[in-house]
Amino acid sequence: MKFEVEIAPLDLGLTLGCGQTFRFKAQLDGAWSGVLGEHHLVLRQIGTRIEGTASPGGKNVDELVLDLLRAKDDIDKIQRALGRDKVLAPGIRSMRGLRIVKLDEWECLISYVLATYANIPRIMKMVEALASGFGRRIERGAYSFPERKTLARASVNELRRCGLGYRAEYVRAICDTVDEDALARMCRMTYANLRKSLIEIPGVGDKVADCVSLFGFGKLEAFPIDVWIERALARLYRQRGSYRRLMEFAAERFGEYAGYAQEYLYHNERMLAHENVCVFSEK
DNA sequence: GCCCAGGAGTGTG
DNA sequence: CACACTCATGGG
C-alpha cells in the first residue's frame, strides 16, 4: 500500500544513512528500503514529501514514519539553541535535514549491544542475520526484528553463527534478564535514571547506554561518545579525557539538545575522514 | 596482510 | 576515579 507524509526540514538519506538505524539501505535509484516494525518500506524523498510503499500489516504507516523521523522536533528551535556555540554555528545549517531517529526500544538495545567494536556494515549484517534467523518473514527477503521471547529461544552457538562473536553471550543474557515490563518502566524514567538502569544490563556501558537513551528512548540530552566524537571533541574543542569528563563537557556546552549536537559532530567527523570535507573548524 | 571499528568487562594503581 | 588489558571478527 502507498503512503505519503510531509516532514520539513528533512534529508532522508542523511538521516537513514548516517548510522543511527541499521535497517535501511539506499537503492540505486535514490530510494531507501528497510524494515520498520512489521512493515517493509520503500521510501523516497520528493522535496518536503516522503512517499513510498509499505507491506500490508494493519498499522498506520504514516504515523510510524512520522515517529521514526521525529517529525515533531522543532529543528529551527534546536538549531537556534545549538547555534549559540561558536564552533557549531557556521556549519549546522547545512545539516538541517539530519534528524535524530526514534527506534523501537528493544531493537535499539540489542542493535547497539551488537555495535560494540564493530563497523557499520558489519553491524547491519549482524542485525540482518538476527532478523532473518529469528524474526517474522514480512515479504521476500524482509524480516522483522525478533521480539524477546523468540530471540530467547536461540542458543549462544546459534547467535554466534549470526556473526555476533563475543556479543552472542550478551544478547543471551539480555533475553533472560530484560523483559517487556522492564522496558516499559524505563520509558517513564528521566534520562539520569534511565542511564543508570541501562548500564546494569549486560553488554551495556556508558556509550551504548547513551545511544539507547537517545535513539531508543528519545532522550535528546544524551550525548553518546564513540571514537569519532572523541576525535571531534579533541580537534574542535581541545577536550580529552574520560567518558565522564567529556560527558559533563557536552552537557554543559550543548544542554538539552546535546544529542543533535552529537549527531552533527559525528557526521562531520566521518565526512572529514572519508570524503575530506567538513563544515566545522576549530575557532 | 594490515588496521580499525558507534566498547564492555575486569583487574589494578 | 583513571588507566591497561583482553575479548573475536569482518570490512575497508
Please enumerate all residues that pass side chain to side chain contact (heavy atoms under 4.5 Å, CB included) together with A:A81, with sequence neighbours excluded. A:R84, A:Y257
Is the ring pair A:W228/A:Y266 parallel, tilted or perpendicular, if the boundaries are 30 and 60 degrees? perpendicular
Show me the protein contacts with nucleotides 9-13 of chain B, counting only N or O atoms at under 3.5 Å.
unit_1 : atom_1 : unit_2 : atom_2 : d
B:dG9  : OP1    : A:G203 : N      : 2.8

Taking NZ, NE, NH1 and NH2 as the nitrogens, is one of them in A:D176 or A:R172 under 4.0 Å from a carboxylate oxygen of the other? yes
Distance in angstrom units between A:R270 CZ and B:dC4 C1', rounded: 12 Å
Residues that A:D29 engages under salt bridge (charged side-chain N to carboxylate O under 4.0 Å, His left out), provided they are two or more places apart: A:R44
Is there a donor-acceptor contact under 3.5 Å from the side chain of A:E38 to the main chain of A:G57? no
Salt bridge check: are A:K196 and A:E200 linked by an N-O gap of less than 4.0 Å? no
Main-chain N/O of A:A222 paired with A:Q262 side-chain donor or acceptor, under 3.5 Å: no
Determine the contact category for A:R161: base if any of its heavy atoms lies under 4.0 Å from a base atom, sugar-phosphate if only primed atoms, P, OP1 or OP2 are that close, otherwise nothing. nothing
Using atom P of each nucleotide, how far apart are B:dG9 and C:dG10 to the nearest Å? 22 Å
Quick one: list whatever passes side chain to side chain contact (heavy atoms under 4.5 Å, CB included) with A:P9, sequence neighbours left out. A:I75, A:R96, A:R99
Sorted by number, residues from residues 241-264 of chain A placing a heavy atom under 4.0 Å from DNA chain B are A:Q262, A:E263
Residues forming a side-chain hydrogen bond (donor to acceptor under 3.5 Å, both in side chains) with A:D11, sequence neighbours excluded: none
Check: A:Y166 ring centroid to A:Y117 ring centroid under 6.0 Å: no
Strand contacts (DNA chain B) in residues 20-28 of chain A, 4.0 angstrom heavy-atom criterion: A:Q20
In whole Å, what is the span from the NZ atom of A:K207 to the C1' atom of B:dA5? 10 Å
Using a cut-off of less than 4.0 Å, is there contact between a side-chain N or O of A:R167 and OP1 or OP2 of B:dG6? no
Rounded to whole angstrom, note down the P distance from B:dG6 over to C:dT6. 23 Å
Which residues satisfy the side chain to side chain contact (heavy atoms under 4.5 Å, CB included) test with A:A154, sequence neighbours excluded? A:F134, A:E158, A:L159
So if I take residues 96-127 of chain A and measure heavy-atom distances to DNA chain C, which residues fall below 4.0 Å? A:Y117, A:N119, A:P121, A:R122, A:K125
Nearest-angstrom distance, P atom, C:dG12 to B:dG7: 16 Å
Among residues at least two apart in sequence or on other chains, which ones pass side-chain hydrogen bond (donor to acceptor under 3.5 Å, both in side chains) with A:E221? none
Checking A:E169 now: which residues fulfil salt bridge (charged side-chain N to carboxylate O under 4.0 Å, His left out) with it, not counting sequence neighbours? A:R160
Take atom CZ of A:R49 as the centre, draw a 6.0 Å sphere, and report whether it contains more than 12 heavy atoms from other residues, nucleotides or ligands. yes
Relative to the ring of A:Y260, is the ring of A:Y264 parallel (under 30°), tilted (30 to 60°) or perpendicular (over 60°)? tilted
Rounded distance (Å) that lies between atom C1' of B:dA8 and atom CD of A:E200: 15 Å
A:D206 bridged to A:R195 by N-O distance under 4.0 Å: yes
Using a 4.0 Å cut-off to any heavy atom of chain A, which nucleotides of DNA chain C are the first and last in contact, reading 5' to 3'? C:dC1 to C:dG12
